[in-house]
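Computation of the quantities below employed the complete heavy-atom set of this structure, encompassing side-chain atoms and omitting hydrogens, waters and symmetry-equivalent molecules. Predicted model, so just to flag it, every value in this text is computed and none were measured.
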Amino acid sequence: MFTEFCLEKLPYDMNIKKYVNVIRDIILKYGDKESYVSPLLSMQKLNTKPLHGLVNVPKLSILLPNTVNKEDAGLFSKLIQLLYESYNLGTIGKVETCFYRVHEDPANQKVEFSNRLKEVLERNKPTNTLVMPVINRRYLFKTAKQICSNKFYHARVLEEETFAEIVGLISDLKITNEEKINEYINTIKKEKVSDEQLEQLTSMLSNIVFSIYVEFLLQSEIYNHRVPSKLTWALAKPADNLGKSLYIGYDISRSTINRNEVAVAFVLYDSYGYMLNAIVKQIRGEKLSKDVFESILLSLLEPLQHEESMERLVIYKDGGIRGKQEFNEIIEVFSSIGRKIRLKQIDVIGVIKRHNLRLFAKRKQEKIMVNPSAGTWIKIWVIIKYGVYAERALIISSEAKSGGTVKPVLLERYTKEYSDKTIDELVNEYLRLCRLDYWNPLDGMNKYPLPIFMADKLAYLALQNIQIKTQNRPYRQ
């Protein structure tokens, strides 16, 4: 009798730990140099410029609850403005602070917040203003994103608790005026930060200013019917070592209320981490039909129909395959479409987030179990999944939070007979693409590779009825 998961009886090298130095072994390309150094340190200490170049934000509009002290809002604004420029990201011409009234009743709060946010958007333009709503209720996150998206804005949403934590650190460190702000910036640029509070403040503010760069760049370019391929950094060397692979992140997001409401996102990247195309849409039904999948893949690969250097397609699927029929349909569609643009190989790779497997490392001297370093991975047993041969590996691609245990990503490769890549090569490729998290300047690392990370974000937003605007662009190295 066939069982869903059968252990393959072939020999395997389980529990042989392997390690990739995800910092020193992965070189990043910035605007004016290449380095393994993290984006934050590179721009903080080495005056490196972002890959896309300087992005000047004419105006940053911060919408705050009226319980926030105006002096605190002013210090925060000036700190963001000066820090953005000090990191060689560009300039923020003007920072405007606006306030909305706080209500206990959720319905009244939503109306008040929405009205004030719409007022801010209507008196500005997406080409000259980025909006930063500071929300005092978490349910306002979706409201902020929907309102901004309907007006062609991106929103850099900040929770009030985070804002209050930043203000508290500013107060503790006695950063009370512009002179003290400049002293703080000079300190973090010239010296190694060892003070815990200083390090925490720098980490939080850096995430904000780097996300301002990315969000305004995306907002202004998409408003002008362009999708920027280059953002803050990219890989200096191709993820596949050859520059002949294309990567698709594929995610399906289902409503928790109505399982027939489904949003799908497909994002296409080259092997350096440059976005080539993206398609996001809502569909009805439990699954993506073969016909819909074929039409999406055809549109997604359209910019590359005259490109002759690409030989391989990698599809990262969030959650893995859901049955043999789905796998067969992917292969059939690739055979009919991929071959037409001269793609010779395909790797379908499941990125499994929900599982019960863990990895631990042991310190020999202390004889205690600890979390493995990012870049640690092992090959585990092969299985037959829904009748499909699946090679597997457990990967630690980012550091665990303090006090927590590492939950590795489970990688499943279903297409051994359709590609000449080994599991070692696939893991190295995966880890390289994980170092392209533009919202994390501390080390640029994410648990998931850029294609699947972006597909997951876009599918979720689409399911919330938040408009996602994408556009085909010609392939350009």
Side-chain angles (χ1 to χ4, degrees), residues 23-24 28 30-51 53-57 60 62 64 68-95 97 130 132 134 156 158-216 232-233 399 401-402 435 437-445:
I23 301 300
R24 290 187 176 273
L28 302 179
Y30 299 100
D32 52 350
K33 62 186 68 171
E34 297 178 359
S35 173
Y36 68 83
V37 175
S38 75
L40 178 58
L41 288 178
S42 183
M43 296 181 189
Q44 196 179 75
K45 310 289 187 184
L46 306 178
N47 292 319
T48 302
K49 293 180 175 60
L51 185 62
L54 301 181
V55 172
N56 296 322
V57 183
L60 176 65
I62 306 176
L64 299 140
V68 171
N69 182 289
K70 290 186 177 181
E71 290 184 6
D72 291 339
L75 273 175
F76 173 81
S77 301
K78 180 57 69 173
L79 196 49
I80 291 295
Q81 190 176 26
L82 294 177
L83 200 59
Y84 187 89
E85 185 174 355
S86 78
Y87 283 163
N88 288 319
L89 298 173
T91 60
I92 297 176
K94 177 184 178 182
V95 182
T97 53
L130 182 71
M132 183 186 292
V134 178
R156 198 329 177 173
L158 195 65
E159 291 189 2
E160 186 181 20
E161 292 88 344
T162 304
F163 180 84
E165 190 175 355
I166 291 171
V167 167
L169 289 167
I170 291 172
S171 176
D172 291 344
L173 292 166
K174 296 180 171 53
I175 304 174
T176 54
N177 52 44
E178 189 168 338
E179 181 181 352
K180 294 292 185 182
I181 290 174
N182 286 320
E183 286 181 13
Y184 159 73
I185 291 174
N186 288 332
T187 298
I188 63 174
K189 286 181 74 71
K190 294 179 180 178
E191 302 173 14
K192 183 177 180 180
V193 177
S194 56
D195 181 86
E196 187 176 337
Q197 285 189 315
L198 197 64
E199 184 178 6
Q200 186 180 1
L201 177 64
T202 302
S203 172
M204 297 175 79
L205 291 175
S206 299
N207 277 325
I208 292 172
V209 297
F210 273 78
S211 64
I212 288 172
Y213 177 95
V214 174
E215 295 292 356
F216 185 72
T232 327
W233 63 89
E399 300 290 349
K401 295 180 180 179
S402 177
R435 202 159 180 224
D437 183 354
Y438 307 117
W439 288 264
N440 175 23
L442 296 182
D443 57 16
M445 287 298 297

Check: [Y] main-chain N/O paired with [X] side-chain donor or acceptor under 3.5 Å:
X    : Y    : answer
D72  : V68  : no
D437 : G444 : no
K49  : G31  : no
S203 : E199 : no
T91  : E85  : no
S211 : N207 : yes
K94  : L60  : no
S35  : V37  : yes

To the nearest 0.5 angstrom, please state how far the [atom1] atom of [X] sits from the [atom2] atom of [Y].
X    : Y    : atom1 : atom2 : result
N177 : E71  : CG    : CD    : 11.5 Å
E178 : Q81  : CD    : CD    : 8.5 Å
T162 : E165 : OG1   : CD    : 6.5 Å
E215 : M132 : CD    : CE    : 10.0 Å
T202 : L83  : OG1   : CG    : 7.5 Å
Q200 : L169 : CD    : CG    : 5.0 Å

Side chains of [X] and [Y]: does their closest heavy-atom pair fall under 4.5 Å?
X    : Y    : result
R156 : L158 : yes
L51  : T232 : no
I175 : L201 : yes
Y36  : L28  : no
Y184 : I170 : no
V95  : K78  : no
L75  : I181 : yes
L173 : D195 : yes

Legend entry - K70 atom NZ, over 12 foreign heavy atoms within 6.0 Å: no
Measure across [X] and [Y] and return the closest heavy-atom pair with its distance rounded to 0.1 Å.
X    : Y    : answer
L82  : I185 : CB-CD1, 3.7 Å
S38  : D443 : CB-CA, 3.8 Å
Q44  : I188 : OE1-O, 3.1 Å
P441 : W233 : CA-CH2, 4.5 Å
L40  : S206 : CD1-OG, 3.3 Å
M43  : T48  : CG-O, 3.3 Å

Inset, instruction - If the plane angle is over 60° it's perpendicular, under 30° parallel, otherwise tilted; pick one for Y84 and Y213. - result: tilted
Legend entry - Worked check of ring-ring contact (aromatic ring centres under 6.0 Å, His included) between Y87 and F210: CA-CA 9 Å; Y87 283 163; F210 273 78; 5.7 Å; yes
Inset, instruction - Could you walk me through whether L89 and L54 pass the side-chain contact (heavy atoms from CB on, under 4.5 Å) test, one step at a time? - result: CA-CA 5 Å; L89 298 173; L54 301 181; over 6 Å; no
Inset, instruction - Walk me through it: do L46 and L41 pass the test side-chain contact (heavy atoms from CB on, under 4.5 Å)? - result: CA-CA 7 Å; L46 306 178; L41 288 178; over 6 Å; no
